[in-house]
Each structure stands twice: as C-alpha cells, then as structure tokens.
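Because the structure is a prediction, the values reported are computed rather than measured. To find a chain, count down the sequence lines: A is the first, B the second, and so on, and within it residues start at 1.
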Amino acid sequence: MNYLVTSAPHLRSKTKTGTIMRDVIIALLPALLAGILRFGSRAILITLVSVAAAFLGELICDKLIYHRNTLPDLSWAVTGLLLAMSVPVSIPCWLMAVGSLSAMIVVKGFSGGIGKNIFNPALAARAFLVLFWPVYLTRFPAGTGAVEEGTERVVSQISAGADLVTSATPLHHMQIPALPEISLKDMFLGNIDGSMGEICTLALLIGGVYLLLRRVISWRIPVAYLGTVAVLTFIFYKGEDPLMWMLYSLMGGGVVLAALFMATDYSSSPVTPVAQLIYGAGCGILTVVFRYFGLFPEGVTYAILLMNALVWALDYYTVPRRFGTGKGGSRA
Amino acid sequence: MKSLFFGGIHPADKKELSAGGPPLRRLEPKQVSISMSQHIGVPCKPLVGVGDQVKKGQKIGDGEGLCVPVHASVSGKVVAVEPRRHPSGQEIMAVVIENDFQDTPDETMACHEDYRKLNLEEILAIIREAGIVGMGGATFSTQVKAASSMEKVETLIANGCECEPYLTADDTLLRNEADRVLAGMHIIRHVLKPERMVLAVEENKKEAIEGLKKALEKEKDIELKVLPTRFPQGAEKQLIQAVTGREVPPGQLPAAVGCAVFNVATFAATYDAVVQGKAVTERIVTVSGEGVNHPGNFRTPVGTSYADLLEAAGGVKAETCKVITGGPMMGYAQDDLSVSVIKGTNGVLGLIENVDTGDYACIRCGKCLTVCPMKLQPLHLFEQIQLENKKGMEYYYLMDCIECGCCSYTCPGKLPLTSSFKAAKQKLKEER
C-alpha cells in the first residue's frame with residue numbers, strides 16, 4: 001500500500017481555466033447570434049476564420065513558446081470570438097486571419113502566454129489593424145439582407161480611393177453631432193450598423209448577467225465603466241436631450257461589449273476591488289474623451305489599452321486593508 | 001445582522017458519510033503507541049520504561065514550559081519506548097503499551113463535584129495535569145491559553161463549527177454528550193469571568209442544534225449561535241469575526257479583542273478532568289471518506305494506530321489513494337498507517353480522488369482574493385515567493401496567512417498556492 005503524500009488542501013474545486021473560458025464563450029453567444037441575424041452568413045464566415053486563426057496562433061505558441069498544451073484552456077477561442085465581434089463583417093478574410101494571429105502570437109505569445117499579457121489581445125490586435133488597414137476597420141456595411149451590397153459598396157469605395165469617414169453607424173452620426181434617426185428600441189435590440197458583436201445591447205446584457213451569475217466577472221469593472229460613460233455623456237451632452245444623448249452614447253458603439261467582455265479580461269485588468277473601480281472609471285473617462293476629441297468616432301479600444309498599461313500600478317497601490325487593522329480591530 | 005467573516009468557500013461537506021449512525025463504539029486496540037508530542041512545544045520526556053506496568057490514566061510523560069503531560073490510554077505493560085512515526089511525518093519518542101484489557105484505573109487525580117470550591121490556580125493546574133490541549137487540532141496547552149487570557153475575556157466562545165468537510169467528531173460529541181460540553185463551559189467561565197458565553201455551531205448540524213436548543217432552555221447564560229456553513233469558519237480569527245464582528249490584530253492573540261475560543265471537545269475534556277478526575281486518554285475520531293467501507297465515529301483511545309482505526313471502519317477500499325489526518329482542507333497526508341491517534345486527531349480519512357495539482361498558469365482571475373479570509377492577495381504573494389523577494393512577501397503580508405487552503409481550492413489554474421505559502425513562512429521563521 002503506497003498512499004500519496006501531497007500538501008493540503010486535498011480538495012480542489014472542479015473549476016478550471018477551461019471552465020471559465022467556456023462560460024465566457026457561452027456568454028458571447030447571444031450577441032454573436034444577434035450579429036449573425038443582422039449580417040447573415042458573412043458574420044459566420046469571419047467568426048470561423050478568426051477563431052480558426054486564433055487556434056492556429058495558439059498552437060504555434062504552444063510549440064515554440066509555451067512548450068505545453070494550452071489548447072484546453074479555450075482562451076484562444078475567446079480571443080478569436082472577441083476580435084471577430086469587434087470588427088465590421090466586411091473585413092476581408094485574410095485580414096481577419098492576420099488580426100487573430102497577431103493577437104495570439106504577438107500580443108499574448110510574446111508576453112509569455114495566458115495571465116502574462118499586459119494588453120488585451122483582441123483589442124491590441126484591433127488597434128494594430130486600425131493603424132495599418134483603417135479603411136477596412138472603419139467602414140460598416142448595412143445589415144439585414146444588404147450585406148452583399150454593403151460589402152460591395154465598401155470594396156468599391158476602397159478601390160476608388162474614398163476617404164476615411166463615411167457615416168453609417170449611430171456613432172458616426174453622433175460625431176456630427178446629431179442623434180441618428182433610429183428609435184431607442186432599435187438601438188437596444190441591435191437593428192443598427194456597427195461591428196458584428198457590438199450592436200445588440202440586449203444580447204450583450206444577457207451575456208453579462210450570465211457572467212455575473214456564474215461569478216466569472218465581478219460587477220465592479222462593468223458598472224464603473226458604464227456608469228462613468230453614462231454620467232459624463234449626461235453632463236457633457238450634445239444636442240437637446242441629455243438623457244437621449246446618454247442612452248445613444250451607451251448603445252451606439254462598442255462600449256457595452258467592451259465593458260462586459262474586454263475590460264474584464266483577467267490578464268489585462270486589476271484584481272483588487274478598489275483598483276477595479278478606478279480602472280473601470282478610467283476606461284469610461286478615456287472612452288468619452290477619445291470619442292469627443294479623437295480622430296475616430298469610437299474610443300473604446302484605445303481607452304482600454306491605455307488603462308491596461310496602468311494595471312500593475314493600480315493593483316500595487318490598492319492592497320486591501322490588512323485583516324485586524326480596521327474598525328473592530330480593537331476592543332471597541 | 002448576518003454573522004460573516006471575510007471570504008471563505010463552501011465545498012460539499014460530505015458529512016452525511018459519517019454523521020449519525022449507531023451509538024458510539026469504543027475501540028479496544030491490542031497495542032497503543034502514545035506519542036510524547038501531542039501538543040505545541042517541546043516533546044514530553046517518558047516517565048516509564050520498558051517492562052513497567054501502567055494503569056489507564058497514569059501520567060507517562062511530562063516536561064517543562066508549554067509542555068502538556070501525556071497519559072496511558074489503556075492499562076498494561078510498556079513494551080517499547082522508542083521513536084515512532086508521528087502524524088506530522090517526523091519520528092518522535094513514543095511509549096508503546098500492550099493492552100491487558102483490564103482498564104485498571106489510575107486514581108491519582110481527584111474528583112471535584114463542586115469546582116467552585118477550588119481556587120483558580122487549582123483548576124488551571126488540574127487542566128494541565130489532565131493533559132488538556134486544544135482538541136480541535138491546534139493542540140496548544142489549554143492551561144497556558146486560559147491563564148494568559150484571565151481578566152481579558154469578555155466573550156468566551158465554544159467552537160463547534162467543525163467546518164472541514166467529512167468531519168463529524170464534534171457533531172457527534174454535541175449530539176450525544178452536549179452536557180459535558182456545557183459543564184466544561186461553566187468551569188472555564190469560572191476561571192475567565194467573561195460577560196458572555198457563545199456556543200457556535202454551523203447550520204449543517206441540524207440534529208445537534210435541536211438537542212442544544214432543548215438543553216439550553218434551562219441555561220439562559222449560554223447563547224447558541226448558529227452560523228451559515230462556510231469554511232474556514234472554525235479558524236479562530238474567523239470565528240471571532242463571525243461571532244463578535246471584531247478582527248484580531250496582526251500578530252496578536254484573541255484576548256486583544258476580548259475573546260477566548262476553545263473547541264467543544266476541549267470543554268468536554270475540562271469537565272472530565274475537573275469534575276470526574278479523568279485525564280485525556282481518549283477522544284472521538286471520525287473515520288470517513290469515499291475510500292472507507294463503513295465510515296463512522298469511534299471513541300478512540302489515544303495511541304490507537306490508523307491501521308486499527310481504519311479496520312474498525314470496515315477497512316479501506318482498493319481504490320483509496322490517500323489517507324489523511326484531519327480534514328481535507330488542512331489535514332496531513334499519511335503514507336504509514338502505523339501512525340497513531342493523538343489528542344488533536346479529529347479525523348482519519350481515506351480518499352479515492354487525487355486532486356489536480358498540476359503546476360499550471362495564473363490567469364489573474366482574482367478568485368483567490370475573494371476567498372481569502374485574511375484579505376490577502378495570494379496571486380501576488382505567489383509571484384513574490386517565486387521571485388524569492390522577501391520585501392515583496394512582507395508587503396503582501398505573507399505571515400498573516402492562516403494556511404486554510406481556500407486559495408488553492410478555488411484556483412482554476414491549479415497553482416500550489418497554500419503549500420508554497422507554508423514553505424515560505426517556514427523559511428522566513430527559520431531565518432529570524
């Protein structure tokens with residue numbers, strides 16, 4: 001009889017990294033479905049291309065960098081999905097693949113893999129794509145049956161050397177600044193144009209609630225982020241109605257997708273409760289600043305990437321109060 | 001207001017395996033091996049030699065300082081005085097007694113029907129002489145703990161939480177012999193003079209709680225506190241927080257916040273010692289786990305080998321891969337079944353599942369922060385330990401870690417957090 005001698009605890013929860021990532025994938029499905037309903041088979045195609053390229057990127061890193069099998073942790077699938085969902089469906093397949101591969105290899109792999117990357121892989125890759133191929137990333141095809149036509153239009157405009165700004169999404173309108181002529185209900189349900197995964201606020205919220213219930217994320221980052229954007233756009237509104245401006249600002253771009261799924265990325269967000277609130281608020285402030293004063297209508301990508309860079313310091317300076325040093329610490 | 005402590009986890013409690021069942025059976029091993037180290041501090045020196053005849057309850061080892069004497073748990077002949085394997089893994093001097101099954105009692109210790117006639121020093125001396133230590137597993141000298149908290153205690157807490165999964169020894173004691181526990185609480189109250197007495201039990205012990213409610217109808221001065229089931233509720237600092245809302249400051253004792261906590265079995269032993277004149281020679285031990293054929297609780301003489309104990313529970317199944325002393329969260333794995341029961345042994349478990357302890361990656365999910373009852377940041381501590389950065393370990397309060405195992409339990413990356421903290425703490429202590 002040889003009994004194993006290992007150190008306590010002799011019990012471990014069944015939750016593994018793969019379990020958590022599976023939950024994130026499940027939470028993304030409603031928004032993905034909304035995107036597919038609106039943009040059709042093209043949405044399925046680029047999602048598959050992105051996830052497949054992410055798988056390939058992770059496989060390459062496993063062989064050359066990590067020297068272990070990280071595929072079961074499923075984080076590659078999350079990155080692949082997020083990147084596909086944060087770009088226009090009219091993006092060419094080759095560019096989608098370039099984006100996914102760079103997310104997995106350059107952003108994540110070169111940092112040492114899961115948990116070690118400072119920047120959110122999907123967003124960093126998106127920023128890279130915007131920098132080099134802005135045309136493909138800032139034009140949006142019209143949805144619902146108009147995909148083919150939309151794609152064609154974009155492509156033809158590109159080949160005709162059209163300039164950067166063509167207003168299509170609600171956010172483009174809001175840069176004018178003017179509220180788009182779309183009802184709030186359509187905004188909420190996703191009958192708008194934009195990146196595939198960001199349009200349907202309802203679907204995103206369903207996914208977010210699922211993540212909260214499964215305790216994959218805490219409320220702090222999303223609430224601080226969305227709350228800050230809401231307050232700032234309400235105070236510094238444009239047009240006539242601050243409430244409308246606020247609601248359209250929240251639902252018009254990628255901020256809900258970002259607050260629930262991007263800013264909460266484990267590797268690139270802080271862990272202490274106070275740091276999470278500061279980080280969320282910082283993302284919110286920067287998002288509004290970039291939207292108001294930046295070149296592009298959308299500010300989410302750069303807001304989160306900038307805050308990513310501060311995560312280490314935020315955690316370091318917000319060590320929670322030590323047990324036994326607060327109220328009740330002495331014989332009161 | 002709901003009584004809570006920070007963090008914690010709620011694993012399946014598996015108490016149903018061993019709880020309830022037939023009346024307690026007392027084991028009668030052929031041989032007992034009584035360790036000279038059943039307390040925190042320097043081991044006792046044996047007081048008997050090979051060939052000596054000893055009586056049940058006779059003092060057979062004693063020493064100086066924090067040392068607490070040990071007693072023969074059966075009557076019979078000493079057949080060996082030699083180092084034997086201790087549950088901690090070390091080889092420690094033990095007195096081995098061949099049981100003559102006569103149970104000839106040693107009558108050195110007197111009975112005191114009315115403990116109030118004794119002065120406090122006399123009661124403390126009896127507690128030491130009877131070999132009483134923290135029976136919840138901590139095994140610190142009860143006499144020293146009580147003496148050091150005299151006149152500082154406002155709330156006396158009886159710890160009946162038994163928050164470790166599988167264990168039902170305290171539950172069994174409370175279901176069957178709660179009167180001994182309550183009587184012991186009165187004796188300690190007589191010594192410490194607290195304003196308030198609380199008996200804390202987790203809500204998963206339904207039957208024990210029913211019985212206690214009835215018993216306490218007459219004893220209005222003891223307050224029954226039913227706490228939500230959560231690990232590590234039974235850890236001293238966490239229990240004080242759950243019961244009083246106070247936090248014991250770093251590096252200080254419970255008396256700093258006006259509290260004293262003793263395990264329920266410690267109170268029962270105090271009653272036995274002071275009123276009945278009996279030393280600690282046996283205790284209730286849970287034998288459980290999926291790897292054990294007939295889990296249950298046994299009244300077990302100190303010194304009974306794990307092999308005898310497991311046999312009494314119907315033996316272990318072939319698929320058993322681990323034998324553990326204590327609970328699965330904080331207990332020690334054993335590879336040698338000749339190890340024997342000491343006063344702090346509340347359970348012996350046979351487990352069939354080896355946990356995934358692969359050294360995977362930290363994904364920075366932060367779950368370890370949310371479960372740490374000491375509000376530490378296990379992921380950052382782990383990083384500092386890997387860097388061997390002592391200043392960093394101090395910055396993140398390594399020495400506050402109570403080694404409860406919650407971080408390791410919850411870590412989805414399956415990092416060896418708790419074990420690395422234990423090792424690092426040990427190293428820091430040695431260097432001081």
| query | With a cut-off of 6.0 Å (strictly less than), are more than 12 heavy atoms of other residues, nucleotides or ligands near OH of Tyr66(A)? | reply | yes
| task | Could you tell me whether a side-chain N or O of Lys367(B) sits under 3.5 Å from a main-chain N or O of Arg215(A), the two making a donor and an acceptor? | result | yes
| said: Could you measure the distance from the CZ atom of Phe323(A) to the NZ atom of Lys237(B)? Nearest 0.5 Å is fine. | reply: 7.0 Å
| Between SG on residue Cys411(B) and NZ on residue Lys16(A), distance to nearest 0.5 Å | 12.0 Å
| field | Salt-bridge criterion met for Glu247(B) and Arg322(A) (N-O under 4.0 Å) | value | no
| query | For Gly331(B) and Ala8(A), which heavy atoms make the closest approach, and how far apart are they? | reply | O-CB, 3.4 Å
| message | Would you say that more than 12 heavy atoms from the other residues, nucleotides or ligands in this model lie under 6.0 Å from the CG of Leu59(A), or not? | response | yes
| Side chains of His380(B) and Val271(A): does their closest heavy-atom pair fall under 4.5 Å? | yes
| query | Side chain of Arg12(A), backbone of Ser408(B): donor and acceptor closer than 3.5 Å? | reply | yes
| field | Geometric class of the Tyr395(B)/Tyr316(A) ring pair [parallel <30°, tilted 30-60°, perpendicular >60°] | value | parallel
| message | Using a strict threshold of under 4.0 Å (side-chain N to carboxylate O), is an ion pair present between Glu353(B) and Lys14(A)? | response | yes
| If you measure from CZ on Arg321(A) to CZ on Phe6(B), what distance do you get to the nearest 0.5 Å? | 5.0 Å
| said: Within this structure, what is the OG-NE2 distance for the pair Ser13(A) and His10(B), rounded to the nearest 0.5 Å? | reply: 14.0 Å
| said: Check this for me, if you would: do Asp315(A) and Arg364(B) make a salt bridge, where the nitrogen-to-carboxylate-oxygen distance has to be below 4.0 angstrom? | reply: yes
